[in-house]
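The structure appears below as structure tokens.
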Number of protein chains: 2
Amino acid sequence: MTAAGPDPAAEPPADGTARVVDAVRRAIVAGEFVPDQRLVEADLSERFGAGRSSVRSALLQLSGEGLVERVQHRGARVRAVPLAEAVEVTEVRMVVEGLCAAKAATRLADADRERLRGLGAAMREAVAAGDLLGYSELNQRLHALVRALGGQATAAGVLERLRGQNVRHRFRLALLPGRVAASLPEHLEIIEALCSGDPRAAEAAVRGHLRSVIAALPAVDRGPDLPLDSL
Amino acid sequence: MTAAGPDPAAEPPADGTARVVDAVRRAIVAGEFVPDQRLVEADLSERFGAGRSSVRSALLQLSGEGLVERVQHRGARVRAVPLAEAVEVTEVRMVVEGLCAAKAATRLADADRERLRGLGAAMREAVAAGDLLGYSELNQRLHALVRALGGQATAAGVLERLRGQNVRHRFRLALLPGRVAASLPEHLEIIEALCSGDPRAAEAAVRGHLRSVIAALPAVDRGPDLPLDSL
DNA sequence: GGGAACAAGATTGTCAACAATCCTGGTGCG
DNA sequence: CGCACCAGGATTGTTGACAATCTTGTTCCC
């Protein structure tokens, strides 16, 4: 049963509930469903061609993930994450991702170091080329890699759950003028600290980076709504 | 975050789903439902006098809280938390509760200091009197207080979610011979560091304490099953 | 004109029945 | 004897209808 790993590109014939969960989640992170938008069961049912029961289960599940908010007899709506909470989320990410980095630093194989440094080089190039979206993508890849290398499933789960909550802020962050200039050296420092195998340094580097992200969040929040077509 | 917070004194007339959620959660943390036990919808439906639909919703919600595990077409069972995962959970608790402590240290009012020192004194007395269960209760109160004083709703939510996952191990920890002797000074150090208003010291004290808890976990895991009637 | 009482509409929560799926035991063939 | 195969039972997933609850617009009285 443990033989075949989770295929990253599988499950086209997802049945009712699972399919709706996926579709709604995708619509939320893509910005198609805006914060505070009501999610009426009957509407979603018709839109996705699934029974109201499946939609209901899906909303229950998404509520558990913190993406939608439900109140008794009043339905579900897309959870709005105000700036103050985005800061809180990032603070928690700071310490938990710091833990992952510290653990990762003591477990690296040579192949891992290569992947990390490869990512670092790609980031440098993206910045040099002015490819903000590509950089944002690499950014996520780096953080995901740190999560994975930590080998801490619980921490990874917590981070995954938090990740969904401030997609909005995170997407805009990379587009903030001058942000990448500050972000790139921090990322490179994380990579170097990890490769050096020093857990304290790795944790400190991750914390420093996310502290800087927190400092930049207020500016992001004041920004205008973006198209986000680029997904 | 989402509701789900076990309010110690509220909602007497809980209707269908909410009532089942509460009852099942209580049964799980009380040990009435043992790990890996199957939770058949029809059985629970009859036991709690609620429609299978309500039971279903309840299981969905509890699955979101991480208390039960569900697999497609194979039903739900009480999540078993193996030692390795209990360690992981405590590691995450270590850093997140450290964050709460650091933030709390900078926000304390005099009344808070009094409450903290009062808890410390009560702990000393409980240990002197050999009241292990009372000490365990005070222990939880202290950790809850740190959570609350941090004023970090997101962190508190994460911790609340993790708390439910290793009740089993946590309950037995206090009963481990010689454990309280190591635990008490650590708790007192946390209290002093908080009262001194130094965030770094507070975080370090919390981390040190939970590191010691982690070290003690393997011994707990080997212990026999306890009655747990004391709830 | 302002606000409480009320009724209609909309939406969620629950129930019972049906279909789909999985697990368990037995059966027959090699 | 071992193993693929196949009913039978048990359990979950889904559908549709009904009851309970909330929201909104209206009316009536002060």
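Every chain is numbered from 1 and lettered A, B, ... according to where its sequence line falls, protein lines coming before strand lines.
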What does the B/S/- profile of nucleotides 12-19 of chain D look like, 5' to 3', with a 4.0 Å heavy-atom cutoff to protein?
BBBB-B--
Decide, yes or no, whether a salt bridge links R25(B) with E65(B) under the criterion of side-chain N to carboxylate O below 4.0 Å.
yes
Tell me if a side-chain donor or acceptor on Q152(A) pairs with a main-chain N or O of E88(B) at a distance below 3.5 Å.
yes
Do side-chain atoms of Q37(A) reach the backbone of V34(A) as a donor and acceptor pair under 3.5 angstrom?
yes
Would you call R115(B) and D112(B) a salt bridge, taking side-chain N to carboxylate O under 4.0 Å as the test?
no
Between S136(B) and R179(B), is any side-chain donor less than 3.5 angstrom from a side-chain acceptor?
no
Separation between CG of L44(A) and CZ of F33(A), rounded to the nearest 0.5 Å
5.5 Å
Can you classify the ring geometry of H143(A) versus H187(A) as parallel (below 30°), tilted (30 to 60°) or perpendicular (above 60°)?
perpendicular
5'-most to 3'-most nt of DNA chain C touching chain A (<4.0 Å, heavy-atom partner on protein side) reads dT11(C) to dT14(C)
